[in-house]
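Structure first, commentary second.
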Amino acid sequence: MQNILKKLDLIDYIDSFSKLMAREKSIILEGDINLHFKLINELSKFDIKAPSKIENLDSALMHIQKQGILRTDDIFEFIKIINYFRYLKKFTFDGKLADWIDKIVIPNDIIKICDYFDEKANLKDGVNEDFDNVKYAISKNKELIKQSLYKIINSPKIRTYLVDSQVHYINSEEALLVRGGFNHVLKGSVINRSNSGFFYVVPHSISELKQKQSDLKNKQEEILYKICKEISSLFERNLLFLKFINKEFDKFDHYQSRLFFSKINDKNFIIPSKNNINKLVDFCHPALHNAKPITVDFTKSVVMITGVNAGGKTMMLKSILTAVFLSKYLIPYKAHHDTTVTNFKSINAVLDDPQSVKNDISTFAGRMIEFSKLFGSKNTIVGVDEIELGTDSDEAASLFKVIIEDLIQRDIKVIITTHHKRLAALMASNEDVELIAALYDEENRKPTYEFLQGTIGRSYAFETASRYGIPLSVVKRAKEVYGDDKDKLNELIERSSSLEREYKQKIAKLDEEISNMQRIAGNLKDQKEKLDEHIYSEKSKLHKEYSSARDEAKKAIKAKLVQESHQHLNIAHKIATEIKTEKVQEVVEFKAGDRVKYRNTKGTIVSIKGAKAFIENDMGMKVQVLLVDLSRSGNPPPKVPTKKATVTVERPETGSIKLDLHGQRAEEALENLDKFLSDALLAGFEEVLVYHGIGTGKLAFAVKEYLKKHPKVRGFEDAHPSSGGFGAKVIKL
């Protein structure tokens with residue numbers, strides 16, 4: 001773990017996170033990462049204080065298991081954990097968090113032990129009577145010692161030898177600070193000397209009191225030992241619970257420390273996904289101050305970063321691996337919440353030069369050893385800095401091309417940085433390779449620390465050398481040695497790589513369009529075959545019914561009796577009139593704005609709701625019709641004349657424009673009424689009559705409410721008694 005943290009420059013970041021934990025442990029959080037995040041998310045809704053620092057209790061648990069007797073300090077560490085969970089149980093959690101905390105049931109005898117000690121791990125008064133008596137005796141004896149010392153201090157004989165009139169505590173002993181020659185007036189033991197050369201003396205006159213104090217403390221320790229023995233015995237009986245709660249505390253500590261860490265500088269949790277999409281959005285590496293956010297898509301199997309020296313290629317590589325590492329272990333970091341990474345089984349970083357006197361290995365040989373380990377891996381991401389390091393770049397390009405292609409087949413993601421274009425040019429045509437170029441500000445002659453995907457970048461070695469102090473004359477001669485032809489070749493490589501990728505994208509788009517056309521052609525072919533079958537079926541049906549009608553006609557002709565011939569002719573006529581064919585209608589999908597035809601009227605669809613459409617005809621009138629009654633109209637709407645024409649359609653004198661809704665349900669009646677009014681409006685009628693009956697009054701009420709809301713109804717009233725009275729309505733349009 002420390003090795004990968006060092007390579008990715010994460011040691012300080014992880015240390016700052018670890019300091020938030022209540023006790024030292026690995027940052028790895030075992031188990032289902034999605035469940036852990038759900039619990040952390042639920043925990044974030046509550047304001048919970050952090051637990052106090054807790055010592056590692058593995059040795060204490062082993063001691064209990066072997067029937068040993070714990071010290072007071074170890075007992076109190078267990079009590080701190082148990083008391084913290086007692087504190088958590090006071091909250092009203094919900095969801096998974098509530099289920100988890102509810103499962104932690106603390107035994108009553110353990111709770112009783114927790115109340116033995118105060119916050120400083122001292123035994124409380126009232127727990128043990130003998131202990132309380134000894135504690136009181138020690139306090140009284142200490143007071144006697146203090147009084148004896150003050151009596152000596154106030155003695156006229158010794159006053160001239162006293163430096164001050166205070167009682168000093170030196171090495172837990174009460175002493176007086178005196179000058180030299182004190183032994184003429186005071187018998188005592190020197191236990192220390194001050195910086196000024198004075199003596200700290202314990203008078204012999206309080207020796208008996210000191211001895212009594214020591215005996216009392218020994219007695220106190222004996223009583224405390226018995227109490228610890230009883231508690232250790234109780235802990236042994238509850239050993240499984242103590243192991244369980246010790247483990248659960250570490251789990252909660254993981255959650256709480258991650259939650260606190262996320263709130264520092266507003267970090268985000270990026271949960272690893274299973275959709276194989278890998279993309280950093282506005283990621284800032286923790287080791288950089290005021291870093292420029294990085295956005296990069298590394299979904300493809302290989303990401304090859306090329307371009308300018310000192311332009312951030314290595315930091316880009318480390319950023320990708322860092323994001324994967326932190327997400328894997330559910331540690332929050334600075335990135336946009338749209339960032340998504342895959343949960344890789346392992347993370348490898350080949351960043352250092354392995355060559356040294358100690359390991360007796362060459363740079364290239366060390367790199368080969370690193371790569372050989374990858375061939376036995378699966379679901380791994382590996383970052384390689386300066387991949388051709390330590391050998392001829394042309395040979396390395398050929399070798400690494402084959403190695404990388406093999407790793408792609410093994411489901412291994414490779415992030416590479418390189419200054420050499422040959423390997424990039426060889427890999428550019430591979431669809432599984434993403435090229436990323438570090439950009440350079442040619443005007444200001446410095447890297448921009450920005451990146452462009454889909455192309456090969458230049459190294460700008462000459463410009464970098466000049467920027468860092470190499471004489472211009474030396475750089476100029478180097479350019480001459482390098483030659484214009486190689487420079488042009490590099491440009492051609494870059495351009496050809498970009499063009500190749502561009503053409504591949506265009507070909508992929510054309511393939512998609514061809515696929516769509518083939519699908520449409522197939523659908524049309526299927527429709528034609530179905531229509532042909534339908535036409536054949538209808539022709540057969542017509543032929544059969546026609547033959548039947550013809551046979552009846554022949555029988556009529558041959559019949560001698562007139563009445564019998566009329567009967568056969570009637571049958572033939574009936575058969576002929578009942579001959580019907582199924583209408584073949586193309587399924588048409590309409591949308592708002594389409595030009596349509598309804599009966600003899602043309603217009604434009606305003607809106608569609610379910611199986612109905614609102615259309616506005618060319619006269620400006622809006623009506624509601626069924627979609628099945630519409631057909632397409634390609635004719636444009638007629639030009640609206642500047643002067644409006646007024647058309648008045650008089651009500652027919654016969655009064656035959658009417659609708660009968662008797663016996664219909666309200667919903668059915670309103671639908672028929674809506675269609676009736678639309679037809680009446682199209683026909684130009686100004687007044688119509690609708691029968692709804694009296695009955696229970698429900699239908700009459702529904703009709704009135706509908707007419708009140710209809711935009712084209714100017715008014716309505718009950719009909720004349722001769723035309724239906726209260727059971728009918730005269731509607732003015």
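A quick note: this is a predicted structure, and the numbers were derived from the prediction, not measured. For the numbers below, each heavy atom of this structure counts, side chains included, while hydrogens, waters and symmetry mates do not.
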TODO: Would you mind listing every salt bridge (charged side-chain N to carboxylate O under 4.0 Å, His left out) that reaches into residues 336-345, with sequence neighbours excluded?
DONE: none
Open item on the list: Is a donor from one side chain sitting under 3.5 angstrom from an acceptor on the other, for Asp385 and Thr314?
Closed with: yes
Task: Distance-only side-chain donor-acceptor flag, Asn617 / Tyr598, under 3.5 Å - done: no
A side-chain contact here means heavy atoms from C-beta on lying under 4.5 Å apart; do [X] and [Y] qualify?
| X | Y | result |
| --- | --- | --- |
| Thr601 | Lys597 | no |
| Ile605 | Lys591 | no |
| Ile415 | Ile305 | yes |
| His36 | Leu330 | yes |
| Leu407 | Phe375 | yes |
| Leu677 | His710 | yes |
| Leu29 | Tyr329 | no |
| Asn276 | Thr299 | no |

Open item on the list: Ser346: which residues meet the side chain to side chain contact (heavy atoms under 4.5 Å, CB included) condition with it, sequence neighbours left out?
Closed with: Thr380
Considering residues at least two apart in sequence or located in another chain, which fulfil the ring-ring contact (aromatic ring centres under 6.0 Å, His included) criterion with [X]?
| X | answer |
| --- | --- |
| Tyr333 | Phe283 |
| His285 | none |
| Phe269 | Phe37 |

Testing the basics here: between [X] and [Y], what is the closest heavy-atom pair and its distance to 0.1 Å?
| X | Y | answer |
| --- | --- | --- |
| Asp282 | Thr295 | N-OG1, 3.1 Å |
| Ile270 | Ser327 | O-OG, 3.1 Å |
| Ala613 | Leu627 | CB-CD2, 3.7 Å |
| Ala335 | Asn268 | O-ND2, 2.7 Å |
| Ile33 | Pro272 | CD1-CD, 3.6 Å |
| Leu661 | Leu659 | CD2-CD2, 3.6 Å |

Task: side chain to side chain donor-acceptor pair (under 3.5 Å): pairs with one or both residues in residues 401-413, sequence neighbours excluded - done: Lys401-Glu405, Asp406-Arg410
Open item on the list: Around atom NZ of Lys38, are there more than 12 heavy atoms from other residues, nucleotides or ligands closer than 6.0 Å?
Closed with: no
Task: Enclosure of Glu667 CD (heavy-atom neighbours >12, cutoff 6.0 Å) - done: no
Starting at [atom1] of [X], measure out to [atom2] of [Y] and round the result to the nearest 0.5 Å.
| X | Y | atom1 | atom2 | result |
| --- | --- | --- | --- | --- |
| Phe325 | Ile347 | CZ | CD1 | 6.5 Å |
| Ile416 | Leu435 | CD1 | CG | 10.0 Å |
| Ile331 | Leu326 | CD1 | CG | 5.5 Å |
| Thr340 | Leu280 | OG1 | CG | 10.0 Å |
| Lys96 | Glu42 | NZ | CD | 8.5 Å |
| Ser44 | Leu39 | OG | CG | 11.0 Å |

[Y] backbone acceptor or donor facing [X] side chain under 3.5 Å:
| X | Y | result |
| --- | --- | --- |
| Thr339 | Val281 | yes |
| Asn278 | Thr342 | yes |
| Thr322 | Lys318 | yes |
| Lys328 | Phe344 | yes |
| Thr417 | Glu386 | yes |
| Asp679 | Phe676 | no |

Task: Reference residue Ile381; test side-chain contact (heavy atoms from CB on, under 4.5 Å); the match among Ile412, Val303, Val324, Asn348 - done: Val324
TODO: May I have the step-by-step check of side chain to side chain contact (heavy atoms under 4.5 Å, CB included) for Met316 and Ile294, ending in yes or no?
DONE: CA-CA 8 Å; Met316 165 72 87; Ile294 291 175; 3.7 Å; yes
TODO: Would you please test Val596 and Ile615 for side chain to side chain contact (heavy atoms under 4.5 Å, CB included) and show each step?
DONE: CA-CA 8 Å; Val596 292; Ile615 67 170; 4.0 Å; yes
Task: Test side chain to side chain contact (heavy atoms under 4.5 Å, CB included) applied to Val625 and Lys612, step by step - done: CA-CA 6 Å; Val625 297; Lys612 298 179 181 179; over 6 Å; no
TODO: Test Tyr706 against Asp674 for side chain to side chain contact (heavy atoms under 4.5 Å, CB included), laying out the working first.
DONE: CA-CA 9 Å; Tyr706 175 81; Asp674 181 78; 2.5 Å; yes
Task: Glu512/Lys509 salt bridge by N-O under 4.0 Å criterion - done: no
